[in-house]
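We're numbering straight along the sequence, starting at 1. Side chains are part of it too, since the values below use all heavy atoms of this structure and drop only hydrogens, waters and symmetry mates.
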Amino acid sequence: MTPVCPFVKAARPDDTTSKKSGENSVKHQAGSESKAKKESNNPASSSPKCPLGHDSQTFKIGPLSCMICQALLFETSKCVPCSHSFCKACISRFKDCPLCGADIEKIEPDANLQGIVDHFIEGHARIKRSVSSDKGGEEENKPVIYEDVSLERGSFLVQQAMRAFRAQNIESAKSRLSLCAEDIRCQLEKMGNTSELCSQLGAVLGMLGDCCRAMGDASSAISYFEESVEFLSKLPKDDLEITHTLSVSLNKIGDLKYYDGDLQTARSYYFRSLNVRRDVVKHHSDVPSQVLDVTVSLAKVADVDRNLGNERLATDGFQEAIDLLESLTLKSEASGLEQRRLSVLEFLRSQLTDKQEQAEATV
């Protein structure tokens with residue numbers, strides 16, 4: 001999964017721990033005194049305290065994380081007899097505890113630790129949170145914003161989801177992304193279809209599609225990708241990241257249709273992706289990565305045309321992609337793009353060469 005994250009990169013909550021403890025304690029004391037003065041002058045401005053006692057000076061995410069996937073614990077399970085805790089999906093792959101090396105006789109749910117993790121997420125990582133109140137009335141569903149620990153709400157959960165996905169803990173990734181999607185949808189209801197919210201939801205839905213595809217649920221994956229396309233299509237096409245994410249979602253739907261044998265539908269999605277990328281190149285012809293994207297889309301469309309029996313269209317598509325790559329000039333420092341260009345070019349040439357050899361053999 002290589003999605004474009006539209007959120008601001010979140011600072012690590014424990015970055016402040018690199019400072020000397022003495023320095024931290026002095027600053028914390030000074031900050032507390034200053035804050036106390038401000039709150040005494042303006043009591044209404046104070047934010048609710050985190051019920052777990054987390055604040056920017058003392059918080060560390062380590063105890064709430066799985067050392068295997070490096071993400072927040074999900075379906076927390078502890079090893080017996082050593083009692084070290086990990087995500088259930090992560091530790092199920094091991095026979096020995098990866099932390100202490102003890103034999104794992106069995107694993108048991110750690111409901112207490114998971115409850116702390118869930119409580120932390122609700123208080124510090126959700127975009128939308130509510131708290132129950134004994135006062136009733138309007139305050140019963142009043143949103144509560146705890147004093148944060150330098151977390152960007154939303155981006156933090158996306159970061160955790162991407163870590164879990166890379167570690168093959170797909171259920172964890174899907175759970176975190178589902179929370180993000182739910183929160184963004186609530187914001188859309190309140191604020192309308194703003195560009196920022198649509199781009200965020202489009203990206204998150206695309207990542208949810210990746211999760212479903214990794215789990216073998218093609219139908220749900222297509223639904224998420226289609227909804228991602230719906231939101232991203234509402235946005236201006238002058239943002240390269242948005243158009244790239246849009247074209248990738250279209251291609252992923254095409255891939256799933258292709259593998260399902262629905263070639264005509266696959267071609268329609270590949271062709272839509274190609275048109276999106278062509279439009280981008282018209283306005284950004286000096287961006288090599290965009291030209292490379294066009295050639296990949298040309299290859300996908302041509303491959304379907306060949307499988308549908310339209311050899312002339314396929315040959316024209318492969319040749320157009322080859323011409324674009326041969327004329328593409330890259331700067332010396334763009335070694336990564338050059339490797340990709342050569343790889344795609346080699347594939348395209350092989351498509352024409354193999355067909356020519358087959359034709360000669362039949363003669």
Fill in: R278 and E320 ion-paired at < 4.0 Å
yes
Between Q160 and L72 the two heavy atoms that sit nearest each other are OE1-N, 2.7 Å
**Asked** Do T295 side-chain atoms and A321 backbone N/O form a donor-acceptor pair below 3.5 Å?
**Response** no
Quiz item: cation-pi between R267 and F271, 6.0 Å / 45°
yes
ask   = When hydrophobic residues are tied together by side-chain contacts of less than 4.5 Å, even through go-betweens, does I322 share a cluster with L337?
value = yes
- request: List the steps and the verdict of side-chain contact (heavy atoms from CB on, under 4.5 Å) for Q351 and R306.
  value: CA-CA 10 Å; Q351 296 303 301; R306 173 168 287 173; 3.5 Å; yes
Taking every heavy atom of D96 against every heavy atom of G101, the minimum-distance pair comes out as CB-O, 3.9 Å
Q) Any side-chain donor paired with an acceptor under 3.5 Å for Q187 and D183? A) no
Whether S247 side chain and T243 backbone form a donor-acceptor pair below 3.5 Å: yes
Separation between CG (L328) and OG (S289), nearest 0.5 Å, reads 9.5 Å
### Flag side-chain contact, heavy atom, 4.5 Å: L232 against L201
no
- [ ] Please report the C-alpha distance between V158 and C180 in whole Å, then the side-chain angles of each, then the deciding distance to 0.1 Å, and finally whether the side-chain contact (heavy atoms from CB on, under 4.5 Å) criterion is met.
- [x] CA-CA 7 Å; V158 170; C180 285; 3.9 Å; yes
Side chains of L250 and V276 in contact at under 4.5 Å (non-hydrogen atoms):
yes
| request: Could you state whether V204 and M162 fall into the same hydrophobic cluster, counting links through intermediate Ile, Leu, Val, Met, Phe, Trp or Tyr residues with side-chain heavy atoms under 4.5 angstrom apart? | output: yes
In this structure, CD1 of I253 is separated from CD of E226 (nearest 0.5 Å) by 5.0 Å
Is R312 atom CZ crowded by more than 12 heavy atoms from other residues, nucleotides or ligands, each under 6.0 Å away?
-> no
Can you check whether F86 reaches L99 side chain to side chain, under 4.5 Å on heavy atoms?
yes
Tightest non-hydrogen contact, residues I91 and P98, listed as CD1-CD, 3.6 Å
Distance col, row L73:CG vs I68:CD1, nearest 0.5 angstrom, shows 10.0 Å
>> Quick one, L325 and L348 - any side-chain contact, counting heavy atoms below 4.5 Å?
In response: yes
Looking only at heavy atoms, the pair that brings S77 and K88 closest together is OG-CB, 3.4 Å
Shortest non-hydrogen pair, V117 vs R176, comes out as CG1-NH2, 4.4 Å
- Message: Over 60° means perpendicular and under 30° means parallel, so tell me whether Y258 and Y270 are parallel, tilted or perpendicular.
- Response: tilted
Nearest heavy-atom approach of V304 to L263 is CG1-O, 3.5 Å
- prompt: Quick one: does S220's side chain have a donor or acceptor within less than 3.5 Å of a partner on D217's backbone?
  reply: no
Close side-chain approach of S195 and C198, heavy atoms under 4.5 Å
no
*Could you check R341 against Q339 for side-chain contact (heavy atoms from CB on, under 4.5 Å), going step by step and ending with a plain yes or no?*
CA-CA 5 Å; R341 185 187 78 87; Q339 290 178 0; over 6 Å; no
| query | Any donor-acceptor pair under 3.5 Å linking the side chain of T265 with the backbone of D262? | reply | no
Do R272 side-chain atoms and N251 backbone N/O form a donor-acceptor pair below 3.5 Å? no
key: Carboxylate-amine/guanidinium proximity below 4.0 Å for E338 and K331   = no
Q. Is there a donor-acceptor pair closer than 3.5 Å between any side-chain N or O of Q114 and the backbone N or O of T76?
A. yes
CG (L274) and CG (L298) are apart, to the nearest 0.5 Å, by 5.0 Å
Is the shortest side-chain N to carboxylate O distance from R213 to D210 below 4.0 Å?
yes
CE (M67) and OG (S85) are apart, to the nearest 0.5 Å, by 12.5 Å
**Prompt:** Quick one: do L64 and F74 end up in the same hydrophobic cluster if we chain Ile, Leu, Val, Met, Phe, Trp and Tyr together by side-chain heavy atoms under 4.5 Å apart?
**Reply:** no
Check: Does the side chain of V280 reach to within under 4.5 Å of the side chain of V287, using non-hydrogen atoms?
Finding: no
Check: Side chains of P81 and E105: does their closest heavy-atom pair fall under 4.5 Å?
Finding: yes
One pair to check against side-chain contact (heavy atoms from CB on, under 4.5 Å): F225 and L256. What are the steps and the verdict?
CA-CA 10 Å; F225 288 137; L256 290 167; 4.0 Å; yes
Note to self: Would the distance check show the side chain of S199 and the main-chain N or O of E196 forming a donor-acceptor pair, the cut-off being under 3.5 Å?
What the structure shows: yes
Under 4.5 Å between side-chain heavy atoms, hopping through other hydrophobics if needed: is there a path connecting F165 to V248?
no
Mark yes or no for whether S350, through its side chain, and F347, through its backbone, hold a donor-acceptor pair below 3.5 Å. yes
**Message:** Using modelled atom types and a 3.5 Å cut-off, is there a donor and acceptor pairing between side-chain atoms of R277 and backbone atoms of D293?
**Reply:** yes
Answer yes or no: is there a donor N or O on one side and an acceptor on the other, between the side chain of S223 and the main chain of S219, under 3.5 Å? yes
Could you tell me if D323 and Q319 have a donor-acceptor pair between their side chains, going purely by distance under 3.5 Å? yes
inquiry  = So Q168 and R93, do their side chains get closer than 4.5 Å, heavy atoms only?
reply    = yes
- Task: Would you please say whether a donor-acceptor pair under 3.5 Å links the side chains of T315 and E311?
- Result: yes
Would you kindly confirm whether L177 and L197 end up in one hydrophobic cluster when ILVMFWY residues are joined by side chain heavy atoms under 4.5 Å apart?
yes
Between the CE atom in M207 and the OG1 atom in T245, the distance rounded to the nearest 0.5 Å is 8.5 Å
Does the distance from a Lys or Arg side-chain N to an Asp or Glu carboxylate O, for E182 and R185, drop under 4.0 Å?
no
